[in-house]
A.B. asks: 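The structure's right below; bear with me while I get my questions together.
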Amino acid sequence: MFHYIAKLKKPITLEILFYLIYTVAVATIPYLSKLLFDYDLGRGWTGILWILLGYAGCCVVAAVAQNCSQVEGWKRSAAFDLYVKSDVIRGLFRRPVTEFQRHSIGDYLSVLNNDIPALNTSYLEAIIDIINKAVQVVVYAVVLFVFVDFRIALVILLASLLAVFVPRVTAGELSGRRKSYQSALGRYTARVQDLLSGFRFVNRHTCGPMAAEHDRTAAETEEAWLHFGRFKSFVIVFNNFVMDIVRLSAFAAIAVLLYRREITVGTAAATLGYIESFTLPVQYILENINEINSARGIREKVLALIRYQPPEQKRLEPSDACLVLDDVSVRYEKFRLQNIRYTFRPGKKYAVLGHNGSGKSTLFQAVMRYVALSGGKVMLNGQDLNGCDTADVIMNTNQQEHVFAASYRENVSVFGAYPTDRLDEVEKYLETDLLDTLRGKADCTELSGGQKQLLQLVRLLLAGRPVLLLDEPFSAVDETNRRLLERKLLGLPGRTILVITHDLTPEHLLRYDELLILQNGVLAAAGAPGDVLRTDAYRQLLQ
């Protein structure tokens with residue numbers, strides 16, 4: 001976290017500097033009260049007017065400096081959120097899919113929307129506040145020693161030093177309860193996202209049970225908040241009690257010195273003003289130390305996301321790619337893709353067939369390394385893809401591929417990741433009037449299912465990767481445009497293309513160079529279309 005403090009040194013420095021000016025101005029006011037109480041009225045009203053002008057000047061300086069300090073604090077807070085969120089997102093994007101899927105989208109949203117703001121408030125802001133309050137304590141200590149009475153100052157200082165050790169007693173328990181609450185808040189965020197994503201299921205039958213499921217998760221979250229709040233309340237009251245002891249010590253010292261006539265009434269009045277001004281910062285320091293301790297778990301969680309570094313990967317360059325599945329297996333709890341062996345030659349077009357649940361999508365996920373293999377290898381030109389970066393070679397899309405809430409150009413280029421200088425060429429190649437409705441779209445999530453699938457195809461062609469995997473790419477496109485787009489896709493020269501399709505008509509399948517049929521996770525038939533269409537596996541598929 002000190003890395004971020006270094007990046008924010010300008011607003012932090014200005015915030016503390018303005019707070020110092022504010023503190024000096026405020027610390028001068030009780031001293032002016034002392035001068036007023038001890039003023040000899042026989043000297044006339046001139047001195048009183050100067051004291052009043054000094055008081056007014058201190059108020060103006062304090063107000064201006066406090067405002068400037070708070071503005072710099074807002075700048076620092078906004079910049080911290082931006083820096084940390086940016087680093088967390090980059091840390092997430094460095095993860096392979098299998099690692100990313102260890103947590104839900106809701107968990108990651110909770111980190112961005114809950115944990116980082118909490119870290120800002122309970123860690124960075126608490127550190128800055130400790131510095132500001134320490135400055136305040138030093139200023140008031142100097143004023144007490146120099147302008148009031150060193151004996152009273154010594155009593156207050158010694159009592160306050162004892163109070164600094166209080167947070168050590170409560171740190172561990174407070175941190176644990178805060179971490180439990182943040183975890184519960186993450187689960188709540190994930191559940192709400194899940195329920196709202198299924199809004200179309202809401203009707204008079206489902207409304208009650210879905211709301212009850214929300215209430216159950218919300219109740220768990222609030223119980224965790226209450227568990228944290230009870231202990232935090234105890235900590236605050238305990239801190240206040242300790243500071244009351246500090247105030248009592250100072251009050252007793254004033255009483256003794258007044259009784260002995262060793263201080264004036266003005267000194268006593270000024271000291272009473274300084275007691276609160278001195279002890280309150282110490283109290284805030286104790287509370288901020290507790291805040292920092294409570295945020296320890298959040299800080300470790302956020303830093304773990306930021307610091308993640310994937311294993312070093314060998315970058316594969318685009319080439320005529322020969323894709324080989326060497327005894328590939330993927331094991332789930334109730335399904336297994338078993339011992340798939342096949343070679344996909346450069347530039348050839350392959351149709352992957354099979355009933356739902358036969359393993360077609362799992363096969364593509366294995367090639368893309370979206371799932372961990374339980375056996376075998378996926379190789380490209382003899383290179384095991386495990387430990388390789390295939391972003392320049394292989395690209396995948398499916399019928400439910402994500403569409404960003406952004407414009408057409410931003411979607412097809414993934415926010416400029418793929419150059420758009422070939423976009424006109426790609427659009428002319430596809431020769432479909434469906435593109436006319438896409439070009440001017442500002443929010444592509446409003447597109448129909450078929451339009452979204454066309455957008456995905458444009459993205460694939462714009463990226464220009466030599467190996468393309470498409471899972472039912474035109475399932476939502478009308479018949480006329482589906483045939484046109486299939487012809488254009490299969491007519492791409494030099495591309496190795498694998499397509500999952502449920503169109504089992506011979507007319508359609510004969511357009512491919514080879515067919516593969518999966519049954520219950522096993523490769524049941526494969527080869528040239530003329531051969532595969534005569535197999536029992538194909539006849540069973542038709543049934």
Side-chain angles (χ1 to χ4, degrees), residues 1 3-4 77-127 170-199 201-202 209-233 235 288 290-310 370-372 402 404-405:
M1 283 294 146
H3 160 70
Y4 296 106
S77 179
F80 178 81
D81 268 9
L82 179 61
Y83 288 145
V84 177
K85 286 180 178 179
S86 178
D87 286 348
V88 166
I89 285 294
R90 282 165 172 76
L92 292 178
F93 288 169
R94 286 194 295 269
R95 282 166 159 71
V97 173
T98 50
E99 178 68 27
F100 179 82
Q101 291 173 341
R102 291 178 182 271
H103 302 281
S104 70
I105 299 295
D107 289 335
Y108 296 126
L109 286 175
S110 181
V111 171
L112 293 168
N113 295 330
N114 301 323
D115 291 347
I116 293 176
L119 192 61
N120 194 343
T121 302
S122 299
Y123 185 77
L124 179 62
E125 193 168 309
I127 288 176
T170 58
E173 180 67 17
L174 196 64
S175 175
R177 294 194 183 202
R178 177 68 175 271
K179 187 175 181 180
S180 297
Y181 166 65
Q182 292 296 143
S183 297
L185 192 59
R187 292 191 295 273
Y188 174 72
T189 302
R191 175 55 72 198
V192 169
Q193 182 197 22
D194 186 36
L195 291 172
L196 295 181
S197 297
F199 188 81
F201 290 108
V202 176
M210 289 177 69
E213 176 61 20
H214 163 270
D215 294 347
R216 182 189 64 79
T217 312
E220 291 175 356
T221 306
E222 296 312 313
E223 179 59 33
W225 171 247
L226 183 60
H227 185 63
F228 169 66
R230 286 195 190 102
F231 191 72
K232 186 172 182 180
S233 297
V235 170
N288 283 318
N290 283 319
E291 280 293 299
I292 292 171
N293 288 332
S294 75
R296 187 186 305 157
I298 303 173
R299 181 185 63 190
E300 292 170 355
K301 178 181 178 181
V302 171
L303 286 177
L305 293 175
I306 291 172
R307 290 171 177 169
Y308 178 85
Q309 291 296 333
Y370 293 165
V371 294
H402 181 72
F404 297 106

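Atom set for the values below is all heavy atoms of this structure, side chains included, hydrogens, waters and symmetry mates excluded.
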A.B. asks: Is it the case that the side chain of Arg187 and the backbone of Thr217 share a donor-acceptor pair, with hydrogens and angles ignored and the cut-off at 3.5 Å?
C.D. replies: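 Pair absent, no side-chain N/O of Arg187 close to backbone of Thr217.
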A.B. asks: Of all the heavy-atom pairs spanning Ser110 and Gln182, show the shortest one and how long it is.
C.D. replies: OG-O, 4.4 Å
A.B. asks: As an exercise, state the distance from CG of Asp81 to NZ of Lys85, rounded to the nearest 0.5 Å.
C.D. replies: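 It is 5.0 Å, given to the nearest 0.5 Å.
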A.B. asks: Report the residue from Glu291, Arg296, Arg299 that forms a side-chain hydrogen bond (donor to acceptor under 3.5 Å, both in side chains) with Ser122.
C.D. replies: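 One option only clears the test, and that one is Glu291.
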A.B. asks: Using every non-hydrogen atom in the two residues, find where Ala118 and Ile298 come nearest and quote the distance to one decimal.
C.D. replies: CB-CD1, 4.1 Å
A.B. asks: Using a 4.5 Å cut-off on heavy atoms from C-beta on, say whether the side chain of Leu305 contacts that of Val111.
C.D. replies: yes
A.B. asks: Any heavy-atom pair between the side chains of Tyr188 and His214 that's under 4.5 Å?
C.D. replies: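 With C-beta onward as the side chain, the pair touches.
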A.B. asks: State whether the number of non-hydrogen atoms from other residues, nucleotides or ligands found under 6.0 Å of Arg216 atom CZ is greater than 12.
C.D. replies: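 Count over threshold, so yes.
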A.B. asks: Could you give the distance from CD (Glu173) to CZ (Arg178), rounded to the nearest 0.5 Å?
C.D. replies: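 Answer rounded to 0.5 Å: 14.5 Å.
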A.B. asks: With distance as the sole test, does Arg177 use its side chain to make a donor-acceptor pair with the main-chain N or O of Ala224 at under 3.5 Å?
C.D. replies: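 Side chain of Arg177 to backbone of Ala224, a donor-acceptor pair under 3.5 Å: no, none is there.
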A.B. asks: How are the rings of Phe228 and Tyr181 set to each other: parallel, tilted or perpendicular (split at 30° and 60°)?
C.D. replies: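 It falls in the parallel class, under 30°.
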A.B. asks: Under 4.5 Å between any side-chain heavy atoms of Tyr4 and Leu119, yes or no?
C.D. replies: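 Not touching, per the 4.5 Å side-chain cut-off.
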A.B. asks: Drop me the distance from Ile116's CD1 to Tyr83's OH, to the nearest 0.5 angstrom.
C.D. replies: 14.5 Å
A.B. asks: If you measure from CZ on Arg191 to CD on Glu220, what distance do you get to the nearest 0.5 Å?
C.D. replies: 9.5 Å
A.B. asks: Once rounded to the nearest 0.5 Å, what's the spacing between atom CG of Asp115 and atom CG of Leu109?
C.D. replies: 11.5 Å
A.B. asks: I need the minimum non-hydrogen distance between Leu174 and Asn290, along with the two atoms involved.
C.D. replies: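 For Leu174 versus Asn290, the nearest heavy atoms are CD2-O, 3.3 Å.
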A.B. asks: Between atom CG of Asn113 and atom OH of Tyr108, what is the distance when rounded to the nearest 0.5 Å?
C.D. replies: 15.0 Å
A.B. asks: Would Arg90 and Ser86 count as having a side-chain donor-acceptor pair, cut-off 3.5 Å?
C.D. replies: yes
A.B. asks: Looking at Phe100 and Leu92, what are the two nearest heavy atoms and their distance?
C.D. replies: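 Closest pair (atom of Phe100, atom of Leu92, distance): CD1-O, 4.3 Å.
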A.B. asks: Under a 3.5 Å distance rule, please check whether Asp107 uses its side chain to pair with a backbone N or O of Ser104 as donor and acceptor.
C.D. replies: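 Indeed, once roles are kept as given, a pair shorter than 3.5 Å links the two residues.
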A.B. asks: Answer yes or no: is there a donor N or O on one side and an acceptor on the other, between the side chain of Asn120 and the main chain of Ser77, under 3.5 Å?
C.D. replies: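 Checking the backbone N and O of Ser77 against the side chain of Asn120, a donor-acceptor pair under 3.5 Å is found.
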A.B. asks: Gly297 and Lys179: which non-hydrogen atoms are nearest, and at how many Å?
C.D. replies: CA-CD, 4.2 Å
A.B. asks: Of all the heavy-atom pairs spanning Ala126 and Ile292, show the shortest one and how long it is.
C.D. replies: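 Between these two residues, the closest heavy atoms are CB-CG1, 3.6 Å.
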